[in-house]
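Below: the structure, in structure tokens.
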Amino acid sequence: MRSFLLYFTALVAAAPTNVSFSSGADPARASTQVEIAMHHRPVASGIPFTHYDKSKKPWVSVHKLANPKHGWNHSSNHTLGRRAACSQLSADNPATYWLADVDHNGKSSFMDPPQGVYNTFRNAVKDFGADNTGSRDASAAIQNAINAGPSNGSPRSQMNNGYGTTGQPAVVYLPSGTYLLQNPLQLYIGTVFVGDAVNPPVLKVASGFGGDHVIYGKDPRYGGTINFYIGLKNVIIDSTAVDPSKNLVLLDWTVSQATQITNVVFQMPNYSTGHIGMRTGEWSESAGWNSNIIINDLTFNGGAIGISASGQQWIFKSISFNRCNIAARLSGNNVVMTGSNFQDCGTGIDASGIGGSLVVIDTTTNNVGNFISSTNSYTPNSIVLENIVNSGTTVLSNGQILLRGNVPDTWYSGNAYPTSGSGQHTWIPNGQTGTTPRSSVLLSGGSYVSIAPPTYKEYSASKFVNIKSVTGLPVMGDGVTDDTENINTILAQYAGCSIIYWPAGTYIVTDTINIPVGSRIFGDAYSTAISATGSNFWNPDSPRAMVKIGNYGDVGIAQISDMLFTVADVLQGCKLLEVNMAGNSPGDVGLWNTHFRVGGAHGSEVQTNCNGSAAQCKAAWGLLHLTASSSAYIENMWGWVADHDLDASNPTTVSVGRGALIEATKGTWLVGTAMEHNTLYQYNFWNAQNVYAGMQQSETPYWQGANSASPAPAPWTDNLIQSDPMFADCNGDGRCGMAWFERVNSGSSDLFLYGGCVWVFYDGVNLCNAGNCQQKAIEIQQAHNTYLYGTNVKSVEQMIISDNGASTATSADNGGGWGGVIGSYLFNT
């Protein structure tokens, strides 16, 4: 991901000379069809990681433990279960959070030993003396905890410190209490700022606070689009002691994918004129560009504005706004809000800066002036509302009331294909109602299931097992030792009995890691990685899962939080994650803040040896496979195939065959997911049923396009399976032979897809500044009950093709946003 901020509100309202429209287009829509000027060419390098251990090459050889404990069969088809009887896991509701009390022996696996001791976990009170009584300034001590580098090296805050993007993970823990802040706090790439989830700490802004931001989440040394691996959770930020008229931003969150903000309360003076809870994209040019995918489970009390966000795309999930003048002021191209509540606010959503689509579902308001308001006609280009409770003005566009009151089912405006199967485009400027018969299996109380990321705060530290601290079963997580056997033994032994904590580190595996029924896994976000190597993952015609959740037909609990899946070698037969298990209840099988990274980082041959053709670097078979027997809830997942080097400046051409293959039928929830730069497709719904997706973001591989030497399906032509696209009609045309954003086959039904987007930035060689660099984005073949709401593309000619071209929705007919926008597309409904 190296994308671009759409800071174009002024353009939308001005310059008709920048407008182009297709024949027959409604001139009233012209203001939304803005040609976005691309001033930024993505750089080819990341953040230098010079202080790394060059002796570790897990793609060449791995260390074997001298006397590993044997005796447990972990063949891929073995029945997964507990090795011996153990006490079932039960909540004991402790007074303090388990994270403070478990063993912390994580490491930055590839940091050079001469740098000295590097503590990945740091307690701001115990280790750095931060005052948590509220009686004296704590900002310096907390900042010291954030800044601390290795004992013989530079601080993390130093420019060009040599630790790269991936070499400086830091979990900064804040125990319960009140922390007086006289000065701002600055986070850096790799920082995860975590409070006590049992009694969240209060960051109390002093009345004489010496700044205009309380927390800078964005690392100021780098542009927003490479601000990855940053987290903030379980804290309260309180500015009520500050003059309500003072211009103050509680949090700058100009970050991109693989970041997390959750369980944070923004406490501001009610209806203040100066305070803003969260702001993104406020910086100029590349500093402000950002590509985030999810902001979730937050509360904004008071303030002039709760959220002021400008960027490419988001899903805002489970947000509560109370007593704000403006709850959310949003600017971007693809915005989804779900499961949220607006109480006693002057304006709910100021949508004047949204050029593409705004989708709001499962949301309630009470005593709100105008729920959705825009000062520009037809901006957003398309609005979709579903299951909305509101008693006043629901949509106000340039002074015109388009909708009042509740939306018990569906209402949409803008570009639409409302007549199922007809392929007939309709421009609906003032909106119309529709029907979306949701699958009951996806719902809870009439709304789509929504589950906050687990904190496991109901369990004490005694309920956790550190995977590196089990007697007789050593696990190293050092980036060079084969940990496969002992990891599998520990997971089987403690399934259903304990939560397995994985400290920071890279855990090398040479065969499948089996996740049995009863598993709960919690890592150190962005720095706990499982990395595959070895001949078991070489065969692309018989792919092998690196991590497998259950066997086919298993039913039970398997939850994974804050983990990273990657490869240490070029492994064309490696399927990084396969999910077979279903739960008895939604969320029993779930993944939160868990991501994929293939290439672009130290510790993998993919980083250094993939600078030629795509055929020379078939780095993995695929990222995610949800099989027909699975049912999973997935939230905040970035499936990233490297388009650049995070830790150096190596040229990068990486080919991963497949993004997400979804064959599940029992209920699937994809909330805030992104799949980028996979070769054949990003999302493939193959005989899938009962799927809810809220925000699907993607990019096409940069090496594909008209000037590419390898049109798809190359380099996977000889390794295709039944569910793969053949690209038979492309005849070697590079614009046609580009990865599908989404595919939906004839066996699929009951798909509810909200807020999908694909951005095309290159034509194989050159930056795609103008015109359509990709021919096709979405393919639907005779599927049933398929609903696409809020679909956005950049530089794609044909947005949706159905039934082998019987119907085609083009960007020319659906101009808006960053290229093309469709508010509503109904297929065989």
Side-chain angles (χ1 to χ4, degrees), residues 59 76 510-512 532-548 565-580 596 598-599 604-606 609-610 612-628 639-642 652-663 675-688 698 700-705 708-734 736-743 745 764 776 779 781:
W59 57 92
S76 60
T510 57
D511 206 346
T512 301
T533 192
S535 60
N536 284 321
F537 303 109
W538 285 355
N539 188 351
D541 297 317
S542 182
R544 195 174 188 87
M546 179 184 75
V547 176
K548 183 159 72 77
F565 301 137
T566 187
V567 295
D569 199 356
V570 177
L571 301 174
Q572 61 182 337
C574 183
K575 181 194 303 182
L576 273 74
L577 176 62
E578 176 181 299
V579 182
N580 296 297
F596 302 92
V598 179
S604 173
E605 190 179 34
V606 180
N609 278 30
C610 290
S613 70
Q616 294 170 327
C617 190
K618 295 166 70 174
W621 184 90
L623 300 183
L624 172 66
H625 184 192
L626 304 180
T627 70
W640 187 63
V641 178
T652 301
T653 301
V654 182
S655 178
V656 170
R658 302 145 188 90
L661 173 58
I662 298 135
E663 300 175 318
M675 295 285 157
E676 292 190 324
H677 313 136
N678 297 282
T679 301
L680 302 175
Y681 57 77
Q682 312 312 321
Y683 296 87
N684 189 359
F685 298 97
W686 187 262
N687 299 329
S698 75
T700 304
Y702 292 180
W703 52 267
Q704 289 183 333
S708 173
S710 303
W716 298 90
T717 307
D718 296 332
N719 313 116
L720 300 177
I721 62 174
Q722 182 184 11
S723 59
D724 288 336
M726 304 298 175
F727 298 92
D729 61 332
C730 290
N731 298 315
D733 182 347
C736 176
M738 299 177 74
W740 289 100
F741 163 42
E742 285 180 338
R743 300 181 70 233
N745 84 324
K776 309 170 185 177
E779 178 184 39
Q781 296 290 352

Is a donor on one side and an acceptor on the other found under 3.5 Å between the side chain of [X] and the backbone of [Y]?
X    : Y    : answer
T627 : V579 : yes
W740 : P725 : no
H625 : L661 : no
N539 : G573 : no
S604 : V567 : yes
K618 : P715 : yes
T653 : A614 : no

- prompt: Has R743 got its NZ or CZ under 6.0 Å from the middle of the six-membered ring of W686, at an angle within 45 degrees of the ring axis?
  reply: no
query: Does the cation-pi check pass for R544 over W538, that is, NZ or CZ under 6.0 Å from the six-membered ring centre and within 45° of its axis?
result: no
[atom2] on [Y] to [atom1] on [X], rounded to 0.5 Å:
X    : Y    : atom1 : atom2 : answer
N536 : M546 : CG    : CE    : 13.5 Å
L680 : T717 : CG    : OG1   : 8.5 Å
W621 : S542 : CH2   : OG    : 10.5 Å
Q682 : E742 : CD    : CD    : 10.0 Å
L576 : F565 : CG    : CZ    : 8.0 Å
E676 : S698 : CD    : OG    : 7.5 Å

message: Please identify which of these residues, T679, D724, N684, meets the side chain to side chain donor-acceptor pair (under 3.5 Å) condition with R658.
response: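 For R658, the side chain to side chain donor-acceptor pair (under 3.5 Å) check succeeds only for D724.
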Could you check if a side-chain atom of [X] sits within less than 4.5 angstrom of a side-chain atom of [Y], using non-hydrogen atoms only?
X    : Y    : result
D569 : V606 : no
C736 : D729 : yes
V641 : P701 : no
Y681 : E779 : no

Shortest non-hydrogen contact from [X] toward [Y]:
X    : Y    : answer
T700 : H677 : O-CD2, 3.5 Å
L571 : G534 : CD2-O, 3.7 Å
V654 : A619 : CG1-CB, 3.7 Å
P540 : N719 : CG-ND2, 3.5 Å
K548 : N580 : CG-ND2, 3.5 Å
S710 : W703 : O-CZ3, 3.6 Å

message: Between T510 and T533, does the side-chain contact (heavy atoms from CB on, under 4.5 Å) criterion hold? Intermediate values first, please.
response: CA-CA 5 Å; T510 57; T533 192; 4.0 Å; yes
- request: Check step by step if side-chain contact (heavy atoms from CB on, under 4.5 Å) holds for T652 and Y702.
  value: CA-CA 10 Å; T652 301; Y702 292 180; over 6 Å; no
task: Anything under 30° is parallel, anything over 60° is perpendicular, the rest tilted; go ahead and classify Y683 against F685.
output: parallel
V570 vs C610, side-chain contact (heavy atoms from CB on, under 4.5 Å): CA-CA, chis, key distance, verdict: CA-CA 9 Å; V570 177; C610 290; 4.0 Å; yes
